[in-house]
Amino acid sequence: MGKLFGTDGIRGVVNAGLDATLAYQVGLAAAVVMAKETGKSRPQVAIGKDTRISSDLLESALIAGLCSAGADVLHLGVVPTPAVAFLTVEMGADAGIVISASHNPFEHNGIKIFNSQGYKLRDALEGEIEEIILSGQLPALKTHGDLGRVIHKDEEEARAYIDHLVSTVDTDFAGMRIVVDCANGAASATAPGLFARFPKLHADILHAQPDGININNGCGSTHMEDLKAAVVKGGYDLGLAYDGDADRFLAVDEKGEDIDGDQIMAACARVLQAEGKLNGNAMVGTVMSNMGLHIFAKENGMELHCTPVGDRNVLEKMLEHDFVIGGEQSGHTIFRAYATTGDGELTSLQFLQVLHRSGKKASELVADCRRYPQVLINLPVESKEKKEEIMAAQALKDAVQAKEAALQGTGRILVRPSGTEALIRVMVEAQTEEAARACAEELVDVIKIL
């Protein structure tokens with residue numbers, strides 16, 4: 001059995017890689033590791049989940065494992081991933097666990113663990129949990145009064161999270177009209193209540209009827225066609241799109257055009273800079289950040305620091321240098337003044353506030369952060385070992401070098417393995433989409449024969 005934790009927790013198709021037995025073992029092991037880490041015989045662990053049909057199954061197994069090892073569980077129900085991070089700190093819990101596979105299809109699910117400060121569990125502690133499980137040396141079970149118990153906090157703590165989000169803005173959004181796509185995911189439980197807190201804001205809700213299998217299905221931040229059509233047809237000022245666990249936010253302008261994570265971060269960073277709040281005069285992106293964001297930063301006298309893909313890497317860079325804003329093109333944006341992780345609903349409020357105060361249309365607000373045409377091709381591979389073999393191949397390195405030389409500084413190439421799926425991602429930016437696609441397809445052809 002291989003390593004359990006990937007770049008974003010444990011992921012897999014439920015009952016075909018991730019099952020109740022593994023979830024139970026994770027609960028047992030996590031309780032033991034948290035007890036050791038905190039010195040408490042009865043650690044408290046908050047648990048939240050998204051709307052997948054498998055989330056109840058995994059939640060029950062995790063709770064059984066945690067309670068069997070003597071941990072108490074603070075049950076949050078269906079809430080966004082960032083809500084678990086926030087509420088773990090707010091409630092004084094020793095850890096938080098999220099059951100979600102984010103933007104992936106419904107048959108996938110995952111287990112992600114936060115520490116008591118609301119940050120993703122550090123690698124060493126994930127390693128301890130893995131060692132307990134993979135060694136087969138599971139801990140002795142508690143008995144009698146040492147068993148853990150479940151404390152239900154669902155409605156009470158969901159309100160506390162919404163209160164927190166509302167407290168991060170100081171405008172009433174009067175006169176604005178928006179439409180919000182909840183992806184039939186965790187935002188379905190919080191976004192309607194959140195936007196109802198602003199009575200002068202007209203907000204209509206899409207895709208907030210989860211049935212267990214429709215999460216991310218033709219909706220949300222990975223499928224924005226419905227949202228675009230709704231914005232244009234209804235004459236809205238902005239469309240908001242979250243993913244399944246609501247840690248991502250992307251937008252649609254009044255013309256029905258995409259606003260990506262780079263543009264959202266650029267607009268917010270510019271306001272922070274004007275207010276003297278942009279520490280280091282810098283923001284943090286990733287190697288996937290569009291060339292347009294690099295140019296925007298240069299033209300506005302900002303530094304753009306780029307990390308490997310993953311909001312964990314972005315956050316590490318932010319903490320290292322005390323930067324206040326960072327994010328990914330895919331929609332994870334971190335505002336360190338308010339959150340310890342990417343938060344889609346929080347980011348949407350911040351962006352809405354910037355838009356409302358600007359007096360501009362959304363298309364005008366982001367116009368100076370141009371997006372260079374970008375083509376991303378995801379190529380399935382058979383195994384982790386095959387991914388590693390392909391990435392190490394000299395033929396691929398030579399092909400990338402040749403294509404970079406041909407672009408002559410007018411584009412960018414990134415070939416990388418996915419951290420959560422059996423894919424190699426080929427990304428090319430160029431001055432035209434045709435040039436980017438031709439280059440990407442030629443590199444894919446090279447990979448296919450390796």
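Nothing here was measured: the structure is a model prediction, and the numbers come from that model. In what follows, every heavy atom counts, from backbone to side chain, and hydrogens, waters and symmetry copies are set aside. Starting from 1, each residue takes its place in the sequence as its number.
- Note that the CG atom of N104 and the CG atom of N216 stand 8.0 Å from one another [nearest 0.5 Å].
- When the shell of 6.0 Å around NZ of K228 is examined, it contains more than 12 heavy atoms from other residues, nucleotides or ligands.
- The nearest pair of heavy atoms linking C182 to Y242 is CA-CD1, 4.4 Å.
- In Q401, the CD atom is not crowded: 12 or fewer heavy atoms of neighbouring residues, nucleotides or ligands sit closer than 6.0 Å.
- We find the CG-CG distance between L22 and L58 to be 9.0 Å, quoted to the nearest 0.5 Å.
- In this structure, T347 contributes its side chain and G344 its backbone to no donor-acceptor pair below 3.5 Å.
- Side-chain atoms of E59 do not come within 3.5 Å of backbone N or O of G48 as any donor-acceptor pair.
- The two atoms that bring E328 and G310 nearest to each other are OE2-N, 3.0 Å, heavy atoms only.
- A donor-acceptor distance shorter than 3.5 angstrom exists from the side chain of Q273 to the backbone of N300, with no hydrogens or angles considered.
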Practice prompt. Please report the C-alpha distance between D343 and H332 in whole Å, then the side-chain angles of each, then the deciding distance to 0.1 Å, and finally whether the side-chain contact (heavy atoms from CB on, under 4.5 Å) criterion is met.
Written response: CA-CA 7 Å; D343 188 327; H332 287 118; over 6 Å; no
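- Checked by atom type and distance alone, the side chain of N281 never pairs as donor or acceptor with a backbone atom of E303 at under 3.5 Å.
- Looking at R412, its side chain does come within 3.5 Å of a backbone N or O of V287 through a donor-acceptor pair.
- Minimum interatomic distance between A422 and K387 (heavy atoms only, all atoms of both residues): CA-NZ, 4.5 Å.
- The shortest non-hydrogen separation linking P80 to Y161 is CG-CE2, 4.2 Å.
- The aromatic rings of F86 and H164 lie parallel to each other, their planes meeting at an angle below 30°, with 60° marking the opposite boundary.
- S54 and N109 form a side-chain donor-acceptor contact under 3.5 Å, judged by distance and modelled atom types alone.
- Atom NZ of K153 is separated from atom CZ of R159 by 11.0 Å, given to the nearest 0.5 angstrom.
- When atom types are taken as modelled, the side chain of S68 and the backbone of G65 share no donor-acceptor pair closer than 3.5 angstrom.
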For this session: May I have the step-by-step check of salt bridge (Lys or Arg N to Asp or Glu O under 4.0 Å) for D245 and K49, ending in yes or no?
Result: CA-CA 8 Å; D245 67 338; K49 61 188 174 183; over 6 Å; no
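- A donor and an acceptor atom, one from each side chain of N279 and D322, are located under 3.5 Å apart.
- Using a 4.0 Å cut-off between a side-chain N of Lys or Arg and a carboxylate O of Asp or Glu, R312 and E126 qualify as a salt bridge.
- For the residue pair S418 and R425, a side-chain donor N or O sits within less than 3.5 Å of a side-chain acceptor on the partner.
- For the atom pair CD1 (I10) and CD1 (I129), the distance works out to 7.5 Å, reported to the nearest 0.5 Å.
- More than 12 heavy-atom neighbours from other residues, nucleotides or ligands sit within 6.0 angstrom of CD on E156.
- Side chain of D243 to main chain of S102: no donor-acceptor pair is present (N/O by atom type, distance under 3.5 Å, no hydrogens or angles).
- Judged purely by atom type and a 3.5 angstrom limit, D50 uses its side chain to pair as donor or acceptor with the backbone of R52.
- Using a cutoff of 4.0 Å between basic side-chain nitrogens and carboxylate oxygens, R371 and D262 are not scored as salt-bridged.
- A salt bridge links K386 with E389: at least one charged nitrogen is closer than 4.0 Å to a carboxylate oxygen.
- Under 4.0 Å is where a charged nitrogen must lie from a carboxylate oxygen, and between E433 and R437 at least one such pair does.
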- request: Determine, stepwise, if the pair T286 / N313 fulfils side-chain hydrogen bond (donor to acceptor under 3.5 Å, both in side chains).
  value: CA-CA 8 Å; T286 75; N313 298 316; over 6 Å; no
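- Distance check: S348 OG to I264 CD1 gives 9.0 Å after rounding to the nearest 0.5 Å.
- Nearest heavy atom pair, residue C67 against residue V150, reads SG-CG2, 4.1 Å.
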Under 3.5 Å, which donor-acceptor pairs link side chains of residues 110-117 to any protein atom two or more places apart or in another chain?
residue: K112; atom: NZ; partner: D8; partner atom: OD1; Å: 3.3
residue: N115; atom: OD1; partner: Q117; partner atom: N; Å: 2.9
residue: N115; atom: OD1; partner: G118; partner atom: N; Å: 3.2
residue: N115; atom: OD1; partner: Y119; partner atom: N; Å: 3.1

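- Listed here is the closest heavy atom pair of V180 and I178: CG2-CD1, 3.8 Å.
- In this structure, E128 has no side chain to side chain donor-acceptor pair (under 3.5 Å) partners at least two apart in sequence or on a different chain.
- Considering only heavy atoms from C-beta on, I325 comes within 4.5 Å of L278 through its side chain.
- By the 4.5 Å heavy-atom criterion applied to side chains, L315 and T341 are not counted as neighbours.
- Remark: the Q350 side chain and the T168 side chain contain an N/O donor-acceptor pair separated by less than 3.5 Å.
- Residues R11 and H108 are not in side-chain contact: their nearest non-hydrogen atoms beyond the backbone lie 4.5 Å or more apart.
- Contact check for V381 versus I390: side-chain heavy atoms found under the 4.5 Å cut-off.
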- [ ] Step by step, work out the side-chain contact (heavy atoms from CB on, under 4.5 Å) result for Q374 and V428.
- [x] CA-CA 6 Å; Q374 185 181 84; V428 179; over 6 Å; no
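- Using a 4.5 Å heavy-atom cutoff, the side chains of L28 and L141 are in contact.
- Looking only at distances, a side-chain donor or acceptor of D260 sits under 3.5 Å from a matching main-chain atom of Q263.
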Practice item. Evaluate side-chain hydrogen bond (donor to acceptor under 3.5 Å, both in side chains) for E345 paired with T190, printing each intermediate quantity in order. Key: CA-CA 9 Å; E345 289 173 292; T190 52; 2.9 Å; yes
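- Between I132 and P139, the closest side-chain pair of non-hydrogen atoms falls below 4.5 Å.
- I133 has its side chain within reach of L4: a pair of non-hydrogen atoms, C-beta onward, lies under 4.5 Å apart.
- At a cut-off of 3.5 Å, with distance as the only test, a side-chain donor of H103 or R248 sits close to an acceptor on the other residue.
- By the 4.5 Å heavy-atom criterion applied to side chains, I47 and V84 are not counted as neighbours.
- Rounded to the nearest 0.5 angstrom, E157 CD and H152 NE2 are separated by 13.5 Å.
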- Carefully, step by step, assess M283 and M265 under the rule side-chain contact (heavy atoms from CB on, under 4.5 Å). CA-CA 8 Å; M283 53 185 167; M265 183 165 65; 4.1 Å; yes
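- With salt bridges taken as basic N to acidic carboxylate O contacts below 4.0 Å, one links D163 and R197.
- In terms of modelled atom types and a separation under 3.5 Å, the side chain of T51 and the main chain of N184 share a donor-acceptor contact.
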